[in-house]
Amino acid sequence: MSETPYRYTAELAERIELAWQDRWAAEGTFHAPNPAGPWADPEGVAGREKLFVLDMFPYPSGAGLHVGHPLGFIATDVYARFQRMTGKNVLHTLGYDAFGLPAEQYAVQTGQHPRKTTEENMVTMRRQLRRLGLGHDDRRAIATIDEEFYRWTQWIFVQIFNSWYDESAECGRGKARPISELVAALESGERATSSGVPWIWLNADAQRKEIDDHRLAYTSEAPVNWCPGLGTVLANEEVTADGRSERGNFPVFKRSLSQWMMRITKYSDRLVDDLDRLDWPEPVKLMQRNWIGRSSGAKVSFHAPAADGSTTSESPASIALDVFTTRPDTLFGATFMVLAPEHPLVDVIVPVGDWPEGTRDAWVPGGRLEMTPTEAVEAYRRSASRKSDVERQSEGKDKSGVFTGAFATNPVDGRSIPVFVADYVLMGYGTGAIMAVPGQDVRDFEFATKFDLPIIRTVQPPAGHPDDEAFTGDGPAINSANDEISLNGLGVTEAKAKTIAWLQDKGFGEETVTYKLRDWLFSRQRYWGEPFPIVYDEAGHAITLPESMLPVVLPEVANYSPATFDPEDAMSTPAPPLALATEWVNVELDLGDGMKPYRRETNTMPNWAGSCWYELRYLDPANNDTLVDPEVEKYWMGKHAETVVGAPVGAVDPGGADLYVGGVEHAVLHLLYSRFWHKVLFDLGHVSSEEPFRKLFNQGYIQAFAFRDSRGQSVPAAEVIEVKGPDGEIAYAWHGDPVTREYGKMGKSLKNVITPDEMFKGYGADTFRVYEMSMGPLDLSRPWETRAVVGAQRFLQRLWRNVVDEETGELTVTDDAPDLATTRLLHRTIDTLRTDYDGLRFNTAIARLIEFNNALTKLPHVPRETAEALVVMTAPVAPHIAEELWAKLGHTESLTFENFPEADPAMLVDDTVTCVVQVQGKLRDRLEVAVDISEEELRALALASDKVIAALAGKVVRKVIVRAPTLVNIVAS
RNA sequence: GCGGCCGUAGCCCAAUUGGCAGGAGGCACAGGUUUUAGGUACCUGACAGUGUGAGUUCGAGUCUCACCGGCCGCACCA
């Protein structure tokens, strides 16, 4: 110990790391200059390319970090540090998505204000992250709970409220425009009202409704996902497929409630189409496409006679039942129709009285002698409404339904087809009604089989296709002709087009596009979120507050909890915590026509609101006049001259952050909402970029092993030892008892958490960083293995020893020039490191560093030139030790902005190269040849090789493949 | 059920994109040097032929097909 006082130990690493962290902070090393706005520093910006590196907004968890959390943060830091060394002006910071449920739930339990809890958590997290040595611009580290931040969240809400989507703008692509322009267009008559009644004839309420119906933020009395167990409503996206809350796993019920909505569906097409211009992982793009669920097809009107009892003078004798289909080509095979149980026209078509002629027994499962159509349908609808989504799902193939007693006419051939009600048709998609084509649709086939309905094939299945299965593939149309049109022989695509043209021509239908995406439910009955900048006047009309009254600050309340209910109590009604702050809710304000009483909106915004735009505020956090100075936004996020690889020809670059790193769990919700808000801000002219995140990278997760004893209880993973079983198998034991191993997340309950603090203490931050980055490719999940961390430490120790004498602390490098082999290796290392760092391949970058470092270790003396290059190249992954060595090498400035070495192309090519000679693809000989050797020369050389001749013995050379200068393959027989 | 991703030494992972698996790197393992010893550090070494089977090719870890195993997303979306 005393002999090596200058060994690079965890203690020495800590001293070095803390000192450099202090110095970076004191010097503001990572402050990135802005071109304009409050921090305008045009000189600092001049002459450099910019780069905006972004991490997904973290929530400051109370549990503290485990070693998996910082993976992405380290990666972006390595990348940002590398890019600074290539001369770029890099913006990298980290703020906090600090509103959220955990702090609120803690507040409910303890009475401690969620702000206090959150701020304490942020202090802990900042300390842990600072200790990692992340090069963040701390001036920009905003939090969503800052009043100065959520003032602008509210401001954006006001902009969205005060705009509408003009679908005719931009050549039919559409764009958001200020609502005032809609009002002007309606007043001038340039635009007709939705009802067709002239604007001036409408009374004030009708005019208001006409406008509100177009706002991008609107209130709606609509079925929402009410979760009594959480005491709040949820967005569709927050409800799982089996009808429970994603958080807490409570039952969710459909309730009709008045809630704020965002008209994200207006952006469906752009949200799908613009994915093509983004450099995002394909799986994420696919998930977004699936979520938006655009499918094109046709709307077709079938007609059914109105039932006598419900026909009034106003309703026509026949009712149009509109269906949506993606397979209009199969219209001739439509043998029945199905309406969703909730379909509003069910009542209108069910005949009064008895079952019509032609009703089959199987069509009325309850027995048609027992019930009238009205009774049977009513019974079915009741039972369907009582079924939970889980039950509906678990039925799977076992379709249920009932005949309505009505027949509709297939427009293509006038055939009369029965109309059913069945819950395999969903009211929420398409028109809530389908034409059933059992021949070409699996679900319809199942239904037809069970309900004794005819099946007509209209696409010829290939030979061998089972008779008792629908055929959904492509093939020639059959059985598809009437007097005016024949599809027979056409493929699916042509048949679709021809049918649509015919339907349109006859007025029976039209080409249509539908989406799965629904408008976004934006109200939450919670305390710890952004209040809406909305008050209601005495008539109950929503009014946005003027900018001068923002932010609307959260009031203090006695109870942070929304009223929660029995999780099964579907009939309970939301009661948000803010409603109890009566002196805050009821205010007198002058909103232009004198002091009047108003009532505040008592819902809060969902957690997504702040994370929908935070990246914009990073750019210009001190700006009090605007959410971001336009010039600053254009500088950091503006459109590039070049589009991303793979973008459609002729496309315009959308701009956005240059690199966004985070987990794939945000593939849909956060990324979709942010894109939506960003596009609204773009349409309204507040930002120049069309997309928030130009390049997205999904990091993998660090997983861990967990161990359970015979009772299934988790045991502390750190205390488990590996033992060899009797048959040599590896087994695990805890305190002598056998335990089983499983692989998964790191978590408190699994007793397998390793914290960064333990790593700092045992190895230092640089070792921890190197280990995390060297474990494997960044996008792959992999297991944490503490015992493997020493590998990273040994590397840094060898690096240290290559420069510093462990006993004296003296510099050991010499001023000799490196030999040729070392120089060549250096330049090859530089070359691959540049591309590896740039491509986020830090694992291979570190392997090259280790390789080069090991090569230097073997030299009698390390030449200063190579040591300096190695130190600079190591700096992105291990910045503290690099700074320290850099200083020891005699430099006084931080190496943060030191130029990354450039490879000399001349040093990348050797004079000679090893040529591989294969016979029949098998390696037979190696030849050292000149790099510029000609094909003929090499061929001759290879054929002259003794080993080759031996391998060719008794064979005839058929062919010689020469890839000069590296490979010759001789084919013989 | 539909869609997507992935299988290389005991383990984590490389492989110029079809051209040498004396595997780039690391862990673990064995032996050695230093050490009173343990540990640290350093040196040396052993270990797989790329999940299975076929195909294309002069040549396949890389391309194609089928199967096996694992992971992820969606889930009656007409």
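All chains are named by letter (A, B, ...) in the order of the sequence lines, taking the proteins before the strands, and each is independently numbered beginning at 1. Please read all numbers here as calculations on a predicted model, not as lab measurements.
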Which residue, A:T404, A:I434, A:N410, A:I417, forms the side chain to side chain contact (heavy atoms under 4.5 Å, CB included) with A:M337?
-> A:I417
Not counting sequence neighbours, list each pair that qualifies as a salt bridge (Lys or Arg N to Asp or Glu O under 4.0 Å) and has a residue in residues 428-442 of chain A.
-> A:D441-A:R443
Is the base of B:rU17 syn or anti, if syn means a glycosidic angle within 90° of 0?
-> syn
Have a look at B:rG4 and give me syn or anti from its glycosidic angle (syn if within 90° of zero).
-> anti
If you check the [X] side chain, which of [options] turns out closest?
X	options	answer
A:A847	B:rC12, B:rG4, B:rA24	B:rA24
A:M287	B:rC76, B:rG73, B:rA78	B:rG73
A:V425	B:rA78, B:rC58, B:rA24	B:rA78
A:Q918	B:rC12, B:rG19, B:rG4	B:rG19
A:T844	B:rG4, B:rC58, B:rA14	B:rA14
A:I434	B:rC76, B:rC58, B:rA78	B:rA78
A:K516	B:rC74, B:rC58, B:rG3	B:rC74

Please give the nucleotide sitting opposite B:rG7 as a Watson-Crick or G-U wobble pair, both distances under 3.5 Å, or none.
-> B:rC68
Using a heavy-atom cut-off of under 4.0 Å over every strand shown, decide if [X] touches base, sugar-phosphate, or nothing.
X	answer
A:T431	nothing
A:N969	base
A:R963	base

Separation of A:R841 atom CZ from B:rU16 atom C1', in whole Å?
-> 11 Å
More 5' along RNA chain B: A:R782 or A:P283, using each one's nearest nucleotide?
-> A:P283
Between A:V664 and A:L780, whichever has its closest RNA chain B nucleotide further toward 5' is A:L780
Just by distance, with hydrogens left out, do A:T812 and A:D805 show a side-chain donor and acceptor under 3.5 Å apart?
-> no
How does protein contact run along nucleotides 26-43 of chain B, one letter per nucleotide 5' to 3', with B for base contact, S for sugar-phosphate only, - for none, heavy atoms under 4.0 Å?
-> SSS-----------BSS-
